[in-house]
Amino acid sequence: MKKRLFVLFLLTFPFVLLQARELELKSPNGYLVAKISIDKSIHYTLYHQGQLLLDSVHLGMQIADRIWGDTPLLNKHQYTQSNTDIFPVVPLKFSKVQNQYNALNLTFKGGFSLEFRLFDDGLAHRFKTDLKQELYIQNEIFSLSLPTSYELHGQQVGGFKTAYEEPYTHFSSAEWKPQDKKIVLPVLLSGKEQLRLFISEANLEQYPAMFLQSGGSNKIRAVFPKVPLDFGYDGDRSVKILKEADYIAKTAGQRDFPWRFVVVSTSDRSLLENTMAVKLGAKSAILDPSWIKPGQVSWEWWHDASPYGEDVDFVAGYNVATYKYYIDFASKYGIPYIIMDEGWAKTTTDPFTPNPEVDVHELIRYGKEKNVGVVLWLTWLAVENNFDVFKTFQEWGVKGIKIDFMDRSDQWMVDFYERVAIEASKNKLFVDFHGSFKPAGLELKYPNVLSYEGVRGMEQMGGAFPNNSLYLPFIRNVVGPMDYTPGAMLSMQPEVYRSERPNSASIGTRAYQMALFIAFESGLQMLADNPSLYYRNPDCTAFITKVPTTWDETRAIEAEAGKYLVVAKRKGDKWYIAAIANNDQKWREFKISLDFLNSHQTYRMEAFSDGINAPRQAMDYRRTEQSVTANEELNIKIARNGGWVAVIEPK
């Protein structure tokens with residue numbers, strides 16, 4: 001009897017030991033330490049040089065009648081390391097990204113595992129499963145306890161249906177209540193003494209997007225939209241969800257789930273250089289992406305297709321003559337694309353029948369003659385109901401497609417995005433998603449996805465103001481491309497702002513608008529304003545149309561989220577510098593060291609700055625040229641809601 005009991009004890013002893021244990025994972029530089037606790041549930045805590053950043057982050061996955069993570073039985077654990085280089089197809093910050101991390105893989109009884117990757121700048125984790133049967137995911141547990149109060153900067157939404165265009169709100173994590181509005185990812189947490197924390201997700205596939213909600217008492221928890229089961233039409237561009245499932249995802253039993261990551265930043269400045277989303281992204285599924293050509297695009301919707309002046313001898317509008325005017329403008333300035341937005345088709349539901357006033361085939365032919373490609377706009381519903389449109393557009397000679405009004409991120413809609421990316425890539429079309437959620441990895445797997453809206457951009461007119469937009473490089477652009485649609489030539493300060501199409505205007509100075517082309521990142525960067533106004537401002541137009549949309553290197557010089565930034569970006573042997581500021585101070589002054597230049601080279605610098613009257617008259621600017629070298633410092637002044645922009649190139 002004693003012998004049998006001893007054998008039984010030996011058989012169960014490993015599981016008893018492993019059920020209650022703590023495993024430690026350190027970042028390559030040793031500054032970050034994650035402690036993963038496996039007891040009655042799975043938790044981790046995160047430290048930076050001994051300072052507690054996250055306390056008791058609870059992880060789990062609810063599958064039908066069980067929760068992976070409750071009384072878990074750890075079969076094995078494995079530590080690994082990686083240090084490789086990534087070369088993004090569409091590089092928005094760096095053309096080469098170092099991907100160095102230490103990893104811990106935990107394999108549990110029941111067919112699931114957890115993978116942790118700890119970088120010098122953050123921690124990522126994801127669930128993985130190795131099961132034969134299909135899975136119904138009821139919920140995923142991602143619950144954070146903050147050891148102290150942080151200020152949250154995020155977009156609050158009333159429900160899961162959203163265009164992701166809400167302005168940022170700023171509030172204390174301690175005061176955020178469970179009954180308050182949810183926030184969408186990404187979100188930034190900051191404090192006077194604390195390090196910055198930045199939360200988002202990556203490799204979002206066959207799964208809903210994650211939202212965050214207060215858990216009360218300085219806690220944050222993940223919430224997800226349910227799988228929609230039945231739809232009804234809601235106008236010509238949307239649907240109503242009539243019935244939902246009681247689960248958030250129905251998915252394959254063998255798969256990797258999305259990454260959840262927390263970036264740890266010692267300064268706002270380092271957020272401008274962060275590449276966590278790229279490091280967690282999948283490899284390109286497009287084996288030969290050489291046909292994918294990022295670039296600028298002339299866009300007619302913002303100012304209602306209304307060119308005017310002595311050179312316009314036709315009735316402007318959504319017609320052949322007007323679009324040829326846009327093509328001629330794009331050709332003159334080397335802009336590779338024009339967009340034909342809502343109005344090019346006879347109806348919003350039929351993507352195959354052009355408006356009789358718009359001869360799409362003639363415009364595509366004319367654009368090809370002028371080396372300008374045509375991009376066509378459609379609602380997502382028109383695409384879904386006519387999925388052969390990609391093949392048709394390829395046959396027509398269309399270069400890209402702008403798809404609008406999705407306004408959801410449940411599993412069905414996330415799958416729609418990927419189906420679009422796949423079908424578009426088969427037909428060598430690029431995609432720009434509007435009415436969309438934030439980038440979450442699809443643009444890395446299918447780099448023909450050049451941009452997403454998911455931002456309070458300039459189409460919001462007076463709703464796009466610098467005090468809000470100054471958060472975008474620190475939050476929205478950290479996770480990927482952002483179609484803000486800059487380029488206004490009519491500039492106003494907020495207290496005198498008046499604007500309606502076709503005379504669209506922006507809040508912020510002229511130099512501010514020009515700087516956005518460098519400060520904001522997008523593989524497809526709009527010129528939103530009227531070609532007639534660009535022609536009247538040839539010095540500004542010549543500058544912004546030479547700004548690249550992809551970059552080899554990014555250097556943040558000065559930055560405070562929501563207030564100001566100064567950033568330098570390199571393309572080849574040219575450096576571009578942008579500085580923008582909010583409304584808080586009449587003038588801000590900065591010193592910029594040029595030590596990033598080649599010390600053996602003399603450079604020519606062309607710069608645009610706010611004029612002396614810019615705090616009141618936002619149209620006021622100055623253009624200058626001078627020689628510079630690496631051992632010089634630049635003294636610049638920025639007006640409220642203003643900017644400064646320059647290109648530095650070898651002589």
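It should be emphasised that the depicted structure is a prediction, and the values quoted were computed from it without experimental measurement.
Less than 6.0 angstrom separates the ring centroid of H170 from the ring centroid of Y471. A ring-centre distance under 6.0 Å is found for F257 and Y207. Checked against a 6.0 Å centroid threshold, the rings of F231 and W412 count as neighbours. Ring centroid separation for the pair H153 and Y168 does not come in under the 6.0 Å cut-off. Close placement of the F437 and Y417 rings is indicated, their centers lying within 6.0 Å of each other. Here the two rings, on W380 and F405, have centers that are 6.0 Å apart or farther.
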(Q) Using ring-ring contact (aromatic ring centres under 6.0 Å, His included), reason through F224 and F211 one step at a time and then give a plain yes or no. (A) CA-CA 6 Å; F224 301 86; F211 293 64; 8.4 Å; no
Q.
Determine whether F517 and F520 satisfy the following criterion, ring-ring contact (aromatic ring centres under 6.0 Å, His included), listing intermediate values before the conclusion.
A. CA-CA 6 Å; F517 283 87; F520 291 175; 9.5 Å; no
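The closest donor-acceptor contact from the side chain of R269 to the backbone of R555 lies at 3.5 Å or more, if one exists at all.
In summary, the side chains of N467 and N583 do not present any donor paired with an acceptor at a separation below 3.5 Å, with no hydrogens or angles considered. Between the side chains of N99 and D85, no donor-acceptor pair of N or O atoms lies under 3.5 Å. Side chain to side chain, Y333 and S298 fail the donor-acceptor criterion of an N or O pair below 3.5 Å. A side-chain N or O of T348 and one of D236 form a donor-acceptor pair less than 3.5 Å apart. No donor-acceptor contact under 3.5 angstrom links the side chains of S306 and D304, judged on distance only.
For the side chain to side chain donor-acceptor pair (under 3.5 Å) with D341, the qualifying choice from W302, W299, Y318 is W299, the only one to do so.
Once rounded to the nearest 0.5 Å, the distance linking CD of E166 with CD of Q156 reads 9.5 Å.
Inter-residue side-chain proximity for P481 and Y452 is flagged as met; some heavy-atom pair is nearer than 4.5 Å.
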